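Below is one structure, written out as structure tokens; the observations come after it.
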Amino acid sequence: MNIDQKTYTNLDGNTVIVLKPTDHRLDITTAWQFRLKLQECISKLSRHVVVNLEQVNFIDSSGLTSLVAGMRDADKAKGSFCICNIHPEAKLVFEVTMMDTVFEIFETEAEALERLFLNLVNNE
């Protein structure tokens with residue numbers, strides 16, 4: 001699985017990692033790799049993660065499970081986890097499973113980053 005990774009750091013030294021899978025599927029064949037990448041980022045780089053799903057047009061239950069696991073890992077690390085740019089074809093999966101009520105979801109990566117950094121500043 002191909003995943004673009006970007007790191008953003010604010011003036012206070014807080015870091016947020018943005019992971020953007022570039023494959024079109026987050027399913028049983030790719031979810032475990034994505035899960036490992038999330039674990040690695042949260043444990044070694046930053047406990048604050050944004051997942052950009054702009055290029056993922058198919059998500060199955062394995063993909064959703066990897067996202068839930070990442071969210072739980074971030075929570076355990078007292079971090080934050082959110083999703084942005086959900087591809088229109090994948091959005092239905094979030095709505096049908098009601099996962100759109102579980103995750104913090106933003107329309108754009110910029111909105112997600114703004115909210116996370118704002119929360120980091122307010123919680124210090």
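None of the values given here were measured: they were computed from a predicted structure.
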Mind listing the side-chain donor-acceptor pairs of residues 71-81 below 3.5 Å, one per line with the distance, residues two or more places apart or on another chain?
{"residue": "D73", "atom": "OD2", "partner": "R35", "partner atom": "NH1", "Å": "2.6"}
{"residue": "D73", "atom": "OD2", "partner": "R35", "partner atom": "NH2", "Å": "3.1"}
{"residue": "S80", "atom": "OG", "partner": "H48", "partner atom": "ND1", "Å": "2.7"}

Quick one: closest heavy-atom pair of [X] and [Y], and the distance?
X: A90; Y: V56; answer: CB-O, 3.5 Å
X: Y8; Y: F117; answer: O-CZ, 3.6 Å
X: F58; Y: R25; answer: CE2-NH2, 3.3 Å

Inset, instruction - Might you work through the side-chain contact (heavy atoms from CB on, under 4.5 Å) test for L53 and N85, ending with a clear yes or no? - result: CA-CA 5 Å; L53 295 177; N85 288 4; 5.9 Å; no

Inset, instruction - Check for a donor-acceptor pair, side chain of D100 on one end and backbone N or O of I105 on the other, with a separation under 3.5 Å. - result: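 The answer is no, because no donor-acceptor pair under 3.5 Å joins these two groups.
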
Legend entry - T15 side chain to S46 backbone, donor-acceptor under 3.5 Å: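 Judged by distance alone, no pair lies under 3.5 Å.
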
Legend entry - Shared hydrophobic cluster for V51 and I42 (ILVMFWY, side-chain gaps under 4.5 Å):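 Yes, it is one cluster - the side chains of V51 and I42 are joined through contacts under 4.5 Å.
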
Legend entry - ILVMFWY cluster, I3 and V49 together (side-chain gap under 4.5 Å):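 Yes, I3 and V49 fall within the same hydrophobic cluster.
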
Legend entry - Check against side-chain contact (heavy atoms from CB on, under 4.5 Å), L64 and F94: CA-CA 8 Å; L64 287 175; F94 284 86; 3.9 Å; yes

Inset, instruction - Take E109 and K20 through the test salt bridge (Lys or Arg N to Asp or Glu O under 4.0 Å) and record every step on the way to the result. - result: CA-CA 10 Å; E109 187 175 303; K20 182 177 182 180; 5.6 Å; no

Inset, instruction - Please identify each residue that fulfils salt bridge (Lys or Arg N to Asp or Glu O under 4.0 Å) with D23, with sequence neighbours left out. - result: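 Applying salt bridge (Lys or Arg N to Asp or Glu O under 4.0 Å) to D23 gives none.
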
